[in-house]
Amino acid sequence: MENKNSHESHNENSPTILTEIKAGVLSITLNRPKVINSFNEEMHRELSDALHIAEQEESVRCVLLSGAGRGFCAGQDLNDRRAIIHGGQAADLGYTIETFYNPLIRRLTTLPKPVVCAVHGVAAGAGLSIALAADIVIAARDASFMQAFCRIGLTPDAGGSWFLPHKIGHTRAMAMAMLGDKISAEQALEWGMIWQLFEPEALAEKAWELAQRLAAQPTLSLACIKQATYAATSNTLDQQLDLERDLQRQCGRSEDFQEGISAFIEKREPRFKGR
C-alpha cells in the first residue's frame, strides 16, 4: 500500500487500497475505479492490511473509508472468475463470504475506534453492506444505494440482511432486497440509513472534518458507545443495564475522563489523548 491522491487513474500495477495517516485519521480509499471499486481477492487482502494498521497503530483514532472514481463500491467483482467459477463449475460462494466478507464486517463493527464512511455514486450489494458497517455514514446527494443480489439470483450477504432491517425496518428492508431497486440518497436519509447529505463537491471536505472531530474525541468512550449500541440489538434491558455499568467503570478509569472533568471545571475545551 502507498499514499496517493484518490483521483489518480488506476492501472494494473496500482494498489487496490490507498492509505494515509494524518491528524489521527487513517484514510482508506478503495482504489479499483474502473470497476466501481468492486472487490477481488487482492483488494480484500490489501483492505485487511489497512485495517491491521487501524487496529495496531495507537496514533490512529478514527478511520475514514471512501472510494476512488465515480462510485463508492459495486460489491463483488463478477468478472473475478476465481470467486465465481472453479473448474468449470459454480464455486462455493460461501467460501468467499466466510474467508473475506464476514471477517471484514466483524472487524469494522468491533474496531475500538470510530469508522466514518463517505459514499458517492453507487453503493451496491456487498458495497452497501460495507458502508453500513461503518459507525457514521455520510453521502453525496448523487449517491444511490442498492440491494442488488436478487438481480443475479443471490441473497444479501456481508451483513446486508442484518443491517437494513435494524436501520430502516423490516418492510423497507424486505422490499429493497426483493426488488433490487436503487434508493436515492434523499430516501436513504429519510429512512435513517445514513447520517447526513452533502453536495458532491463538498463530500470529501465534510468527511475529513467529521473524521478529524472524532479523532479528537475520547477514543475509549467512543469504543464503548459502539459496543453498547451493537449489544442493544440483542440484549434484554437487564443485560444492557449491566453492560452500561461495566463499560462506565472502564471509561471512569481512563485519562480522558479525568481530562474531561478537569476541562469542565476549568471551563475550557478538553484535550483528549485517546487513552
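Counting begins at 1 with the first residue of the sequence. Side-chain atoms are counted along with the backbone in the values below, which use heavy atoms only and exclude waters and symmetry mates. Note that the coordinates shown come from a computational prediction; the quantities given were computed from them, not determined experimentally.
Judged by distance alone, the side chain of N37 and the main-chain N or O of R32 form a donor-acceptor pair under 3.5 Å. Between the side chain of R271 and the main chain of E259, no donor-acceptor pair closer than 3.5 Å is present. Between the side chain of R107 and the backbone N or O of E55 there is no donor-acceptor pair closer than 3.5 Å. Between the side chain of D256 and the backbone N or O of F272 there is no donor-acceptor pair closer than 3.5 Å. Within the 3.5 Å criterion, the main-chain N or O of C251 finds no donor-acceptor partner in the side chain of S221. Here the side chain of K226 pairs a donor or acceptor atom with the backbone of K113 at under 3.5 angstrom. With Q240 contributing its side chain and A228 its backbone, the two residues share a donor-acceptor pair below 3.5 Å.
If you take CD1 on I225 and CG on D135, they are separated by 10.0 Å, rounding to the nearest 0.5 Å. In this structure, S59 OG and I21 CD1 are separated by 5.0 Å, a value rounded to the nearest 0.5 Å. In this structure, CG in D77 is found 11.5 Å from CD in E42, a value given to the nearest 0.5 Å. Between the CG atom of L51 and the CG atom of L104 there is a distance of 6.5 Å, given to the nearest 0.5 Å. Taken from OG1 in T236 to CG in L243, the straight-line distance is 10.5 Å, to the nearest 0.5 Å.
For the pair C224 and L247, the tightest heavy-atom approach, listed with the atom from each and the gap, is O-CD1, 3.5 Å. Contact record, A54 with V60: CA-CG1, 4.1 Å, taken as the closest heavy-atom pair. Residues A207 and L64 come closest through the heavy atom pair CB-CD1, 3.8 Å. Nearest heavy-atom pair, S27 versus W208, reported as atom, atom and distance to 0.1 Å: OG-CZ3, 4.1 Å. The two residues T29 and G67 have their closest heavy-atom pair at CG2-C, 4.0 Å. Minimum interatomic distance between E98 and N102 (heavy atoms only, all atoms of both residues): OE1-ND2, 3.6 Å.
Looking at heavy atoms from C-beta onward, E209 lies out of side-chain contact with R213 at the 4.5 angstrom threshold. Within the 4.5 Å cutoff, side-chain heavy atoms of C117 are placed close to those of F72. Taking the side chain as every heavy atom from C-beta outward, K167 and L132 approach each other to under 4.5 Å. You'll find the side chain of T155 stays beyond 4.5 Å of the side chain of F149, heavy atoms only. V25 has its side chain out of reach of V116: every pair of non-hydrogen atoms, C-beta onward, lies at least 4.5 Å apart.
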Expected list for residues 119-126: side-chain donor-acceptor pairs under 3.5 angstrom, two or more places apart:
| unit_1 | atom_1 | unit_2 | atom_2 | d |
| --- | --- | --- | --- | --- |
| H120 | NE2 | G69 | O | 2.6 |
| H120 | NE2 | G71 | N | 3.3 |

Sequence neighbours left out, cut at 3.5 Å: what donor-acceptor pairs do the side chains of residues 169-192 make with other protein atoms?
| unit_1 | atom_1 | unit_2 | atom_2 | d |
| --- | --- | --- | --- | --- |
| S184 | OG | Q187 | N | 3.1 |

Run the numbers on R275 and L220 for side-chain contact (heavy atoms from CB on, under 4.5 Å), then give the verdict.
CA-CA 6 Å; R275 57 180 184 266; L220 175 61; over 6 Å; no

Do N40 and N79 pass the side-chain contact (heavy atoms from CB on, under 4.5 Å) test, and can you show the C-alpha distance, the side-chain angles, and the key distance before you say yes or no?
CA-CA 9 Å; N40 60 9; N79 291 312; over 6 Å; no

Begin from the C-alpha positions of Q196 and K206 and carry the test side-chain contact (heavy atoms from CB on, under 4.5 Å) through to its verdict.
CA-CA 10 Å; Q196 285 181 315; K206 293 297 184 180; over 6 Å; no

For a side-chain contact (heavy atoms from CB on, under 4.5 Å) check, start with the C-alpha distance between I17 and M43, then their side-chain angles and the critical distance, and finish with the verdict.
CA-CA 7 Å; I17 297 292; M43 189 167 167; 4.0 Å; yes

For E20 and K22, what are the C-alpha separation, side-chain angles and deciding distance, and is it a salt bridge (Lys or Arg N to Asp or Glu O under 4.0 Å)?
CA-CA 6 Å; E20 181 180 14; K22 182 179 178 182; 5.5 Å; no

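Between F39 and H44, the ring planes are tilted. Angles from 30° to 60° get that label.
Hydrophobic clustering (side-chain heavy atoms under 4.5 Å, transitive across Ile, Leu, Val, Met, Phe, Trp, Tyr) keeps I28 apart from I136. If you chain together hydrophobic residues whose side chains sit under 4.5 Å apart, I130 and F100 never meet in one group. Note: the hydrophobic cluster containing L210 also contains L222 (ILVMFWY, side chain heavy atoms under 4.5 Å, direct or indirect links). Using a 4.5 Å cut-off between side-chain heavy atoms of Ile, Leu, Val, Met, Phe, Trp and Tyr, with links allowed through other members, L30 and I105 fall into the same hydrophobic cluster. A continuous path of ILVMFWY side-chain contacts below 4.5 Å connects W162 to Y101, so both sit in one hydrophobic cluster.
A donor-acceptor contact closer than 3.5 angstrom links the side chains of E46 and T16.
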